[in-house]
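Keep in mind the model is a prediction, meaning the values are calculated, not measured. Sequence positions, counted from 1, serve as the residue numbers for this chain.
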Amino acid sequence: MDKSWSLNFLLLILHLCTTQAAFGVGGGVGVGVGNGGVFWVGGEINSPEPPRSSVTKLDEAYTALQVWKSAISNDPLKILDSWVGPNVCSYKGVFCSNLQSEMASSNVLVVAGIDLNHANLQGTLVKELSLLTDMSLLHLNSNRFSGTVPDTFRDLTSLEELDLSNNQLSGTFPSVTLYMPSLIYLDIRFNSFSGSLPQELFNKNLDAIFVNNNQFEGEIPQNLGNSPASVINLANNKLNGNIPASFGFMGSKVKEILFLNNQLTGCIPEGVGLFTEMQVLDVSFNSLMGHVPDTLSCLQNIQVLNLAHNKLSGELSEVLCSLRSLANLTVAYNFFSGFSQQCSKLFFRNIGFDFSLNCIPGRDMQRPQPECSVIPGGSLSCIRIPTPKPLVCASLV
């Protein structure tokens, strides 16, 4: 082949490429090479094809939401009337946002959240919802969803907030939630979940744990104190056994913890208050016995302390009633035998203080004397920090 002809051929190709780039022509140029093969030059320069990932994500969202819609049998508020057509971002309760695509320099639109709180929908949760892998929040409280939480939900790797409260869900604890790597807010209260609480729940990096008002039973896992959550609500279940000793050494993150209305026994763990900045502690309506730990006087940020409806005994110390942030102290329906002069001053500090139905001599509304002759848990050994006087937290530090 003539070398000059080959050089001219290459120059022609470069000229065509340069011309297309300058004028933004779409479609490309095909130059025959060899035995019928085609070498494409140029392409869709000014009109790039949408990244396949964006089309796939919206198609998958459409599939998931339509399958879920078909599993909803009752929609009294007509929420789902807007769930028509492929534009899922226009559906009521569905929220989209731009996500940086790994395949393109532009952003792609994805379903980022679903909020159907108080929609009164009746139906089930479908496994296809796990296709919404970019979703960061799923709020479904106050509906009538029944059945279980699909195991496929473990694919919701971006989910940070899951609120399934006030529904009719059942089965054991939805362990699939323990495999959601981004989850920080878990709310499954007011359902019919049963069985035991998994130990992994308190090792997970959750900021809020709401499992109250279900039918959980068995003992609270011993690693409760490992939880980094600021709010833990275990109330209104059928939990039994002792409050784990690790609770007494929880860190400063916990602000509110509720054990009320279970079947807990034993002592309030020694050490409660040493390391926390707790604001609300409610252990009422259980069968706890023994003395109140002196370390409760270290709860300088406590606002609500409810020890009512247990079998606690001994005297309420002066430092406990001197807590600076206290707004309400309830010790009713126990077997306390007295309280200090400082506790009497709570009324003048405009602090709620209910000590009715105890065994305090000379006070109104106390138990009849025969009930106070035998104190429950008299043989129970609750370890106490030995001090010559009620523990003052500052001196411990």
Side-chain angles (χ1 to χ4, degrees), residues 212-213 216-220 224 232-248 250 254 256-273 276 278-299 302-317 319-321 323 326-340 343 346 351-361 363 365-385 390-391:
N212 53 291
N213 294 83
F216 291 118
E217 57 189 3
E219 296 188 358
I220 301 172
L224 170 68
I232 300 176
N233 194 337
L234 309 178
N236 301 309
N237 281 289
K238 300 176 182 178
L239 300 170
N240 55 43
N242 297 344
I243 298 176
S246 62
F247 168 61
M250 293 190 78
V254 63
E256 181 176 332
I257 188 163
L258 294 89
F259 297 98
L260 70 111
N261 198 24
N262 278 285
Q263 300 166 12
L264 301 174
T265 57
C267 310
I268 298 176
E270 194 68 45
V272 173
T276 70
M278 205 177 309
Q279 298 172 1
V280 177
L281 173 60
D282 194 333
V283 298
S284 62
F285 290 91
N286 283 286
S287 296
L288 300 173
M289 300 181 184
H291 292 77
V292 174
D294 295 329
T295 50
L296 279 180
S297 63
C298 299
L299 293 173
I302 197 77
Q303 298 174 18
V304 176
L305 178 58
N306 193 344
L307 310 176
H309 290 267
N310 279 287
K311 300 176 182 179
L312 298 167
S313 57
E315 294 190 0
L316 295 175
S317 68
V319 287
L320 180 64
C321 291
L323 290 169
L326 197 62
N328 189 287
L329 173 61
T330 305
V331 298
Y333 288 87
N334 277 288
F335 290 86
F336 289 113
S337 56
F339 54 75
S340 67
C343 295
L346 292 177
I351 293 173
F353 179 38
D354 185 357
F355 59 89
S356 60
L357 291 166
N358 277 281
C359 299
I360 304 174
R363 298 287 181 173
M365 299 181 63
Q366 298 299 294
R367 291 179 180 274
Q369 185 56 40
E371 293 184 18
C372 296
S373 58
V374 178
I375 304 298
S379 60
L380 183 66
S381 176
C382 294
I383 299 174
R384 304 189 73 194
I385 297 177
L391 178 67

Contact between Ile243 and Val272 at the side-chain level, heavy atoms closer than 4.5 Å - yes or no?
no
Look up atom CG in Leu323 and atom OG in Ser297, then write down how far apart they are to the nearest 0.5 Å.
7.0 Å
For residues Cys359 and Gln366, report the shortest heavy-atom separation together with the two atoms involved.
N-OE1, 3.4 Å
Test item: Asn334 side-chain N/O and Lys311 main-chain N/O as donor-acceptor pair under 3.5 Å
yes
Supply the atom-to-atom distance Ser317 OG to His291 NE2, rounded to the nearest 0.5 angstrom.
11.5 Å
Let me know which of Ile375, Val331, Leu357 forms a side-chain contact (heavy atoms from CB on, under 4.5 Å) with Phe336.
Val331
Please confirm whether the ring centroid of Phe355 lies under 6.0 Å from the ring centroid of Phe339.
yes
Would you say Leu307 and Ile268 make side-chain contact, with heavy atoms under 4.5 Å?
yes
Once you round to the nearest 0.5 Å, how far does NZ of Lys238 lie from CG of Asn262?
11.0 Å
Short question: side chain of Glu256, backbone of Val280 - any donor-acceptor pair under 3.5 Å?
no
Heavy-atom count check: over 12 atoms from other residues, nucleotides or ligands less than 6.0 Å from Phe216 CZ?
yes
Closest non-hydrogen atoms of Cys372 and Arg367, given as atom of the first, atom of the second and distance, are SG-CB, 3.8 Å
For the CG atom of Asn237 and the CG atom of Asn213, what is their distance to the nearest 0.5 Å?
7.0 Å
Mutual orientation of the aromatic rings belonging to Phe259 and Phe247 [parallel < 30°, tilted 30-60°, perpendicular > 60°]
perpendicular
Run the side chain to side chain contact (heavy atoms under 4.5 Å, CB included) test on Asp294 and Val319 for me, step by step, so that the C-alpha distance in whole Å, both residues' side-chain angles and the decisive distance to 0.1 Å come before the verdict.
CA-CA 9 Å; Asp294 295 329; Val319 287; over 6 Å; no
Mind checking whether Leu329 and Ile302 have side chains closer than 4.5 Å, heavy atoms only?
no
Kindly say whether Ser284 contributes a backbone atom to a donor-acceptor pair with the side chain of Asn306 at under 3.5 angstrom?
no
Validation row: Leu281, Leu296 side chains within 4.5 angstrom (heavy atoms)
yes
Please report the interatomic distance CE(Met289) to SG(Cys267), rounded to the nearest 0.5 Å.
9.5 Å
Please report the interatomic distance OG1(Thr276) to CE(Met250), rounded to the nearest 0.5 Å.
8.5 Å
When you compare the side chains of Asn236 and Asn261, does any donor N or O come within less than 3.5 Å of an acceptor on the partner?
yes
For the backbone of Ser337 and the side chain of Glu315, can you confirm whether one donor and one acceptor N or O come within less than 3.5 Å of each other?
no
Search all heavy atoms of Pro244 against all heavy atoms of Pro269 and return the closest pair with its distance.
O-CG, 3.5 Å
Any non-hydrogen side-chain atom of Leu288 less than 4.5 Å from a side-chain atom of Val283?
yes
Show your working on side chain to side chain contact (heavy atoms under 4.5 Å, CB included) between Leu234 and Leu239 and close with a plain yes or no.
CA-CA 8 Å; Leu234 309 178; Leu239 300 170; 4.0 Å; yes
Contacts of type salt bridge (Lys or Arg N to Asp or Glu O under 4.0 Å), residue Arg363, not counting sequence neighbours
none
Using a 4.5 Å cut-off on heavy atoms from C-beta on, say whether the side chain of Leu305 contacts that of Leu320.
yes
